[in-house]
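Worksheet: the structure to be examined is printed underneath.
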Amino acid sequence: MGKVVVVGSFITDIAVYTPRFPVDGETVMGDRLKFGPGGKGSNQATAAHRAGAEVTMITKLGGDFMAQIAIDHYENEKMDMKYVYRDAECETGSAIIEINKETAENRIIVMTAANEKITREEVFAAEKEFAECDVVLLQHETSPESLAAAIELGNKYNKKIILNTAPMREVDRSLFAKVDFVTPNETEAEYYSGVKVVDLETARQAAAKFKEMGAKNVLITLGKAGSYVNAGDIDEIVPPFTVKAVDTTGAGDAFNGGFCAALSEGKDIISAVKFASALAAISVTRPGTSPAMPYREEIDAFLAERA
Ligand code: RIB
């Protein structure tokens with residue numbers, strides 16, 4: 001079992017299922033509304049945990065009722081809450097998610113709230129966990145100072161650092177040079193590189209732009225088209241597993257959590273990408289984000305079946 005430190009968001013997902021997305025000014029009848037545990041960081045931590053990694057989650061909740069959704073989730077999952085901080089003055093992060101029942105695609109508006117209050121000191125309080133871990137996993141849904149502190153500690157202890165550049169937001173791009181992998185999806189890749197990614201050639205061009213910004217290795221998730229890996233001698237698209245999707249929300253989180261869990265066990269990059277793709281494929285066959293993450297036995301069985 002490998003060890004993964006995640007500095008990331010907890011967000012309460014408020015998900016509504018709709019027959020189609022409304023246009024501006026239109027009201028559409030939804031048919032199901034669900035509150036559940038989400039947030040890119042917490043989804044990724046849950047994915048890695050269920051995949052078999054020992055996970056340290058560093059996050060911050062507010063003082064409202066939504067914090068309890070996080071606490072219940074971590075208790076049910078038996079995930080360590082030592083570094084789950086609270087700020088009573090703040091709201092817990094929340095997201096409004098629309099899921100199109102026809103296409104399984106989603107639209108998200110996220111309020112990061114308490115996640116933006118994670119301080120450098122709170123990240124440094126977990127220094128021992130950084131020293132003992134195999135992989136550090138980060139995203140763009142927490143405070144810039146928490147991101148910088150996590151990268152500083154990861155580098156201090158010479159750990160593999162994976163930066164999932166989601167969601168798109170203006171960040172200090174010099175950080176791309178201080179991590180081992182950046183993992184945008186195709187939309188984020190276009191935002192940061194200026195290249196619209198539609199195939200292998202454009203994925204290569206986007207990766208080259210990331211490398212001009214200092215990135216060492218680039219992994220671009222391409223949804224139904226698989227994942228493009230540009231790392232050392234590897235320059236290829238790893239094909240996806242085909243499944244019947246019901247909700248694609250959190251698929252990228254499943255992928256990133258799975259990728260880090262696999263790396264933390266010592267799997268090579270391509271094996272880790274295949275493992276991550278299996279995790280993402282299973283997760284989209286279920287509704288929700290964190291609750292949709294598969295357990296290790298399910299991932300191993302899926303991979304054995306599809307081998
Ligand atoms: O990646 C999906 C996640 O993005 C959702 O769980 C939502 O909370 C947003 O952060």
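By convention here, the first residue in the shown sequence is residue 1. Each ligand, and each atom within it, is numbered from 1 in the order the structure gives.
- Under the 3.5 Å distance criterion, with hydrogens and angles disregarded, no donor-acceptor pair is assigned to the side chains of H73 and S42.
- The closest side-chain donor-acceptor pair between Y157 and E127 falls under 3.5 angstrom.
- For ligand 1, the 4.0 Å heavy-atom shell contains residues I11, D13, G38, G39, K40, N43, A95, I108, V110, E141, G250, D253, T289.
- F241 pairs by the ring pair (Phe, Tyr, Trp, His ring centres under 6.0 Å) definition with F302, not counting sequence neighbours.
- Between the side chains of T202 and D199, at least one donor N or O sits under 3.5 Å from an acceptor N or O.
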Checking Y17 against N100 for the side chain to side chain donor-acceptor pair (under 3.5 Å) test, could you report, in this order, the C-alpha distance in whole Å, the side-chain angles of both residues, the deciding distance, and whether it holds? CA-CA 6 Å; Y17 291 79; N100 183 317; over 6 Å; no

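- The aromatic rings of F210 and F176 lie tilted to each other, with the angle between the two planes from 30° to 60°.
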